[in-house]
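Structure record follows, encoded as structure tokens.
Below, each value reflects all heavy atoms present in this structure, side chains not excepted, and no hydrogens, waters or symmetry copies.
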Amino acid sequence: ILYRNAKEAEIRDGVVALTNMAENGLDRYIDSNRQLLVAISHTDQIKDVGPSSVNAFFRLLHEQFPGRANFGAIDLKGNIFASALPIKDPVNISDRSWFQQVLKTRDFTIGEYQIGRITGLPVIVFAQPVFDSAGGIKFVLFASMELKWLNRLWSDIKLPPGSLLLVTDRSCAVLFHYPYNEKWVGKAMSEMPVVKATRTRKNGTVELEGEDGVKRIHAFTTVGAPGGSIHITVGISKKAAFTPVNNILAISLILLALI
């Protein structure tokens, strides 16, 4: 029993370590997008030239930064006036929560799951205000990330059979699910047991049975910016994790029966 308790503590530490690894990868990626948008906001191409030249600049960025579905700029009424990808008809995104949030916070903002109105792809948007000389918001820059890029982001994390890696936005929509399957992306998971159990705290661990009937030890954490957050949960199958322990326990019971 002491060995089993020690092993359970070891497994929990391992799940937390895996969660931290996933968090660090995503945190670096988010910060790289923040730094990129801030740098773009200070370029002469953005501040001093017309939309046609800005489109060309965004197309160049799109070629240089894989995984980004689009780059663009939005006026204060929500109209996209420049884009790396061609715009056939006027596009207004004033109803998007991330656009409203960036105007409210005047800071870098992370969006939620959405289907891009220009790309037609499942994406999440990073947005950064551009300021004029008086300190007012002049317009908003955005970079959208293809959600399938997350599969590549965490390709180096090795999880045992029966494991779960779940990434959701602040509205509980799935951004990524391991084992990877595109059918999960965009699904609302607010009623999923592990999502309900992990939303009240920023990080921690919890043991739960999933909808698939598998009991897992989960660790969870939150990554984000003032205007948005992304939730990461890693769950390891308790049965799979304890298989060596269960074998030792079974042998110990047999030996006790022989005494």
Side-chain angles (χ1 to χ4, degrees), residues 10-35 67-68 97-98 101 108-114 122-126 143-212 214-238 240-241:
E10 180 184 320
I11 293 168
R12 286 183 182 274
D13 289 343
V15 180
V16 170
L18 286 170
T19 306
N20 289 340
M21 189 183 302
E23 175 192 13
N24 291 338
L26 182 58
D27 196 42
R28 286 194 300 270
Y29 186 76
I30 291 173
D31 192 57
S32 70
N33 281 278
R34 182 190 64 78
Q35 292 183 43
R68 277 70 167 189
S97 61
W98 57 265
Q101 192 70 17
F108 175 75
T109 296
I110 303 171
E112 300 172 335
Y113 168 85
Q114 67 178 57
V123 297
I124 190 168
V125 173
F126 305 107
S144 57
M145 177 188 70
E146 292 186 58
L147 291 182
K148 67 180 183 181
W149 184 256
L150 293 175
N151 191 42
R152 182 172 176 179
L153 181 64
W154 289 309
S155 60
D156 292 336
I157 296 180
K158 306 302 180 185
L159 297 174
S163 297
L164 169 72
L165 170 54
L166 181 66
V167 183
T168 56
D169 65 17
R170 60 177 173 264
S171 64
C172 301
V174 175
L175 304 178
F176 179 81
H177 184 285
Y178 175 92
Y180 181 68
N181 192 322
E182 289 187 357
K183 74 176 184 180
W184 286 97
V185 176
K187 281 193 172 183
M189 289 295 180
S190 58
E191 295 304 311
M192 188 177 183
V194 68
V195 174
K196 292 176 71 174
T198 59
R199 282 292 158 149
T200 56
R201 290 181 290 164
K202 185 176 180 180
N203 53 61
T205 60
V206 63
E207 185 178 320
L208 286 171
E209 182 176 311
E211 294 182 327
D212 55 2
V214 177
K215 290 184 179 180
R216 295 183 178 91
I217 297 174
H218 302 83
F220 57 93
T221 191
T222 304
V223 180
S229 59
I230 297 175
H231 303 268
I232 302 173
T233 301
V234 176
I236 301 297
S237 165
K238 193 171 182 181

Kindly indicate, with the supporting measurements, whether the criterion side chain to side chain contact (heavy atoms under 4.5 Å, CB included) is fulfilled by Val16 and Val234.
CA-CA 8 Å; Val16 170; Val234 176; over 6 Å; no

Are the side chain of Asp31 and the backbone of Asp27 linked by a donor-acceptor contact shorter than 3.5 Å?
no

CD-CG distance between Gln114 and Asp169, expressed to the nearest 0.5 angstrom
10.0 Å

Walk me through whether Val15 and Thr205 qualify under side chain to side chain contact (heavy atoms under 4.5 Å, CB included).
CA-CA 9 Å; Val15 180; Thr205 60; over 6 Å; no

Main-chain N/O of Gly162 paired with Arg216 side-chain donor or acceptor, under 3.5 Å:
yes

Contacts table for residues 187-197: side-chain donor-acceptor under 3.5 angstrom, sequence neighbours left out:
none

Report the distance from atom OG1 of Thr198 to atom CG of Leu166, rounding to the nearest 0.5 Å.
8.0 Å

Taking the inter-plane angle between the rings of Tyr29 and Trp149 on a 0 to 90° scale, is it parallel (under 30°), tilted (30 to 60°) or perpendicular (over 60°)?
tilted

Mind checking what makes side-chain hydrogen bond (donor to acceptor under 3.5 Å, both in side chains) contact with Glu209, not counting sequence neighbours?
none

Nearest heavy-atom neighbours spanning Gly235 and His218
CA-CD2, 3.6 Å

Non-hydrogen side-chain atoms of Leu18 and Ile236 separated by less than 4.5 Å
yes

Quick one: CD1 on Ile217 to OG on Ser163, what's the gap to the nearest 0.5 Å?
11.0 Å

Arg199 side chain to His231 main-chain N or O, any donor-acceptor pair under 3.5 Å?
no

Taking all non-hydrogen atoms of both residues, which atom of Leu175 and which atom of Leu150 are closest, and how far apart?
O-CD1, 3.8 Å

Criterion side chain to side chain contact (heavy atoms under 4.5 Å, CB included) on Asn33 and Met145, from CA distance to verdict:
CA-CA 10 Å; Asn33 281 278; Met145 177 188 70; 5.6 Å; no

Determine whether a donor-acceptor pair (N or O, by modelled atom type, separation under 3.5 Å) exists between the side chain of Thr222 and the backbone of Lys202.
yes

Would Leu147 and Phe176 count as a side chain to side chain contact (heavy atoms under 4.5 Å, CB included) here? Give the steps.
CA-CA 7 Å; Leu147 291 182; Phe176 179 81; over 6 Å; no

Decide, yes or no, whether a salt bridge links Glu112 with Arg170 under the criterion of side-chain N to carboxylate O below 4.0 Å.
yes

If you round to the nearest 0.5 Å, how far is CD1 of Ile232 from CG of Asn203?
11.5 Å

Would you mind reporting whether Phe126 and Ile110 have side-chain heavy atoms less than 4.5 Å apart?
yes

Here's a test for you: under side chain to side chain contact (heavy atoms under 4.5 Å, CB included), which of Val123, Val185, Ile124 qualifies with Tyr113?
Val185

Minimum heavy-atom distance Gly186-Ala173, with the two atoms named
O-CB, 4.1 Å

